[in-house]
Chemist: 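The structure's right below; bear with me while I get my questions together.
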Amino acid sequence: MPTRDECLQADRQDPLAPLKHQFELPAGLLYLDGNSLGVLPKAAAARSAQVVTQEWGQGLIRSWNTAGWFDLPARLGDKLAPLIGAGPGQVVVTDTTSLNLFKALAAALRIQQQAAPQRRVILSERDNFPTDLYMIQGMMDLLQQGYEMRLIDDGLPLEQALDDSVAVLALSHVNYRTGAMYDMAAVTARAHAQGALAIWDLAHAAGAVPVDLAGAEADFAVGCTYKYLNAGPGAPAYIWVAPRHADDFRQPLSGWWGHQRPFDMAVAYEPAGGIRRYLCGTQPIVSLAMVECGLDISLAANMNDVRKKSLRMGDLFIDLLESRCASHPLTLITPREHARRGSHISIRHPHGYEVMQALIARGVIGDYREPEVLRFGLTPLYLGYTDIWDAVDTLKTVLDTEDWKNPEFAQRGAVT
Ligand SMILES: *Cc1c(COP(=O)(O)O)cnc(C)c1O
């Protein structure tokens, strides 16, 4: 079992350690929830003041041109691209992950309707993030053409579920609850071998694990910026389309921002030739501008260093949990195998909700997901090995003292 001194030593040798000074981290708090809402980049305060007081306050309407507001979704998309193995002109930052998934799904189904109209199955996973499943259900409701949602689960593994009736496979690269990661290249190849298109949700992957969309030959991808990319609450998400599908990309949310010449004010919709056709309406510029502050820090880090540190922090977490908290009813649900693990650790406890509330009261913030799951996000940009040691130490205290039995910890807020 590693000692706290060994963790301090490891932090001193960590090449990513200086990056934490680029974030505003509240004193006395251990934040292991960057997989849900990332922390505030220090640069964001000055940047938001500039956008609000200068660009909006002084520039007013002129800023659409003079401050680069109009081009911002594509410019940020180009910046984000290297983090997900995409090229320039292939990504836009816009809308929410849910909306972008809807667009990608519509485009993929449209391609399949022409190529293979008999395919009527949208394949996903029972344990996928619920909004992804809800958007698929909404799409099927709209189409009303005998589409079927099929879900991979314990009784129906991927190999069995993926047959020649599948039009589209829509999965999360890293599972939000368990932290399990798919081999994107292998699964995409399997989908293609069956004639299906693959849409990947990168919400828990981008900025957390190396992603290579081009290398995996994926078809579409979506993801959010407010988790590991530290862009701020509700910051716009992104969408990527493989260049081979770019011209076929037709999406039903055909708003004026996706028009070839929006300011012609034409009656008929004509999609923009390039990446702008993925946009719908006027963009939330203040929130969009914040995306760049988080991205700049992720781009300053070497993604292989980030991955190495994340896995080492995960191993440390598991090791400490099993050596120091062994007498408590905790079950690790995150895969141990590096190749199958994202960047958070999930454990079950019969009173997971109360245990998490007691932890938060002691200044260790993780989060809780049904059923019984405690989640701890490992964010190499601003957490160190000693932080992990201290977090598990606090968990041990909460469990040993049975602190969590205090009735106040059983009360639930709207957001867990
Ligand atoms: C967080 C998350 C989302 C969030 O979608 P929003 O539309 O931004 O609320 C979607 N999918 C997955 C897999 C997520 O983890």
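All ligand and atom numbering here is 1-based and tracks the order in the structure.
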Chemist: So do K103 and D95 actually touch side chain to side chain, heavy atoms under 4.5 Å?
Modeler: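 A side-chain contact exists here, since the closest heavy-atom pair is under 4.5 Å.
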Chemist: Tell me the residues surrounding ligand 1, counting only those with a heavy atom closer than 4.0 angstrom, sorted by chain and number.
Modeler: T96, T97, S98, F129, T131, D132, S172, D201, A203, H204, Y226, K227
Chemist: Can R369 and S346 be counted as having a side-chain donor-acceptor contact under 3.5 angstrom?
Modeler: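 Distance-only check fails for R369 and S346.
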Chemist: Are the aromatic ring centres of W256 and F263 under 6.0 angstrom apart?
Modeler: yes
Chemist: Flag the pair W64 / W257 as yes when their ring centroid distance falls below 6.0 Å, and as no otherwise.
Modeler: yes
Chemist: Could you verify whether a donor N or O on one side chain and an acceptor N or O on the other, from Q50 and R47, lie under 3.5 Å apart?
Modeler: yes
Chemist: If we ignore angles and hydrogens, is there a donor and acceptor under 3.5 Å between the side chains of D219 and H192?
Modeler: yes
